[in-house]
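Structure, as structure tokens:
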Amino acid sequence: QVQLVESGGGLVQAGGSLRLSCVASGGNIRLNAMGWYRQTPGNQRDLVAVISSGLSTNYAGSVKGRFIISRDNAKNTVYLQMNSLKPEDTAVYYCNKHQSAYTYSSPSPYWGQGTQVTVSS
């Protein structure tokens with residue numbers, strides 16, 4: 001099974017930017033869609049952005065126009081560029097290797113440890 005390690009989170013002021021990275025090991029992500037999710041205490045884990053194996057992308061409405069998901073298959077890595085951050089973006093961010101190549105595919109049961117993003121007002 002693939003292991004996922006997220007990094008790049010931190011504390012940033014509103015309006016700032018962060019770039020998250022997710023490195024996969026133990027398996028190739030080339031043929032799978034990859035998603036970024038976020039979760040706040042007491043809430044479910046929600047999809048933020050997803051990129052297919054063919055580079056199609058979908059975004060949650062709340063982040064559209066501010067976040068950009070990308071992937072580098074040679075590095076087995078997925079990125080999330082987050083711009084114009086808002087306090088409501090504060091959450092733990094997770095990546096996931098989806099079960100097939102398409103943006104509408106389901107996430108797998110395997111998650112990394114996540115990376116904390118905190119946006120101060």
Side-chain angles (χ1 to χ4, degrees):
Q1 85 197 39
V2 67
Q3 287 82 46
L4 303 167
V5 179
E6 302 93 341
S7 63
L11 174 64
V12 64
Q13 288 189 330
S17 297
L18 284 174
R19 189 195 195 203
L20 306 184
S21 299
C22 169
V23 180
S25 61
N28 197 298
I29 66 170
R30 181 173 56 89
L31 299 179
N32 293 76
M34 296 293 296
W36 280 100
Y37 294 75
R38 66 187 180 188
Q39 188 174 24
T40 55
N43 294 306
Q44 65 182 18
R45 196 167 294 181
D46 292 326
L47 180 65
V48 174
V50 59
I51 184 167
S52 73
S53 62
L55 303 183
S56 297
T57 57
N58 277 332
Y59 296 91
S62 59
V63 308
K64 197 171 294 184
R66 300 188 296 122
F67 290 11
I68 301 171
I69 188 171
S70 61
R71 62 192 299 161
D72 185 339
N73 290 335
K75 295 182 178 179
N76 236 22
T77 301
V78 180
Y79 304 98
L80 186 68
Q81 177 66 43
M82 306 188 296
N83 302 319
S84 302
L85 282 161
K86 304 176 181 181
E88 50 264 42
D89 295 317
T90 295
V92 179
Y93 284 72
Y94 301 87
C95 69
N96 187 279
K97 178 184 174 183
H98 280 209
Q99 297 189 43
S100 77
Y102 307 103
T103 56
Y104 54 76
S105 58
S106 299
S108 72
Y110 307 109
W111 299 90
Q113 83 289 347
T115 186
Q116 174 72 47
V117 171
T118 303
V119 184
S120 63
S121 57

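Numbers here are sequence positions counted from 1.
In this structure, Tyr110 has no ring-ring contact (aromatic ring centres under 6.0 Å, His included) partners at least two apart in sequence or on a different chain.
With Arg45 contributing its side chain and Val92 its backbone, the two residues share no donor-acceptor pair below 3.5 Å. Using a distance-only test at 3.5 Å, with no hydrogens or angles considered, a donor-acceptor pair links the side chain of Asn96 to the main chain of Ser108. With Arg66 contributing its side chain and Ser84 its backbone, the two residues share a donor-acceptor pair below 3.5 Å. A donor-acceptor pair under 3.5 Å is absent between the side-chain atoms of Gln39 and the main chain of Ala91, judged by distance alone. No side-chain donor-acceptor contact under 3.5 Å links Gln113 to the backbone of Val5.
Atom OG of Ser25 sits about 4.5 Å away from atom CD of Gln3, to the nearest 0.5 Å. Put simply, CD on Gln116 and CG on Leu11 are 9.5 Å apart, with the number rounded to the nearest 0.5 Å. Expressed to the nearest 0.5 Å, how far OG of Ser52 lies from CG of Asn58 amounts to 9.0 Å.
Here the shortest heavy-atom pairing between Ala24 and Gly27 reads CB-O, 4.5 Å. The minimum heavy-atom distance between His98 and Pro107, with the atom names listed, is CD2-CA, 3.7 Å. Of all heavy-atom pairs between Gln81 and Ser17, the closest is NE2-CB, 4.0 Å. Closest non-hydrogen pair, Ser105 versus Tyr102, comes out as OG-O, 2.5 Å. Across Gly35 and Leu47, no two heavy atoms sit closer than the pair CA-CD1, 4.4 Å. Of all heavy-atom pairs between Asp72 and Tyr79, the closest is CB-CE1, 4.0 Å.
Proximity of Arg38 to Thr40: side-chain heavy atoms (C-beta onward) are nowhere separated by under 4.5 Å. Contact annotation: the side chain of Asn76 approaches that of Asn28 to within less than 4.5 Å [non-hydrogen atoms, C-beta and beyond].
Leu85 shares a hydrophobic cluster with Val2, Leu4, Val12, Leu18, Leu20, Ile29, Met34, Trp36, Val48, Ile51, Leu55, Tyr59, Val63, Phe67, Ile68, Ile69, Val78, Leu80, Met82, Tyr93, Val117, Val119; the chain of contacts runs through ILVMFWY side chains whose heavy atoms sit under 4.5 Å apart.
Residue pairs meeting the disulfide bond (SG atoms under 2.5 Å apart) criterion with at least one member in residues 85-121, sequence neighbours excluded: Cys22-Cys95.
Residues Val23 and Tyr94 are members of separate hydrophobic clusters, defined by side-chain heavy-atom contacts under 4.5 angstrom among Ile, Leu, Val, Met, Phe, Trp and Tyr.
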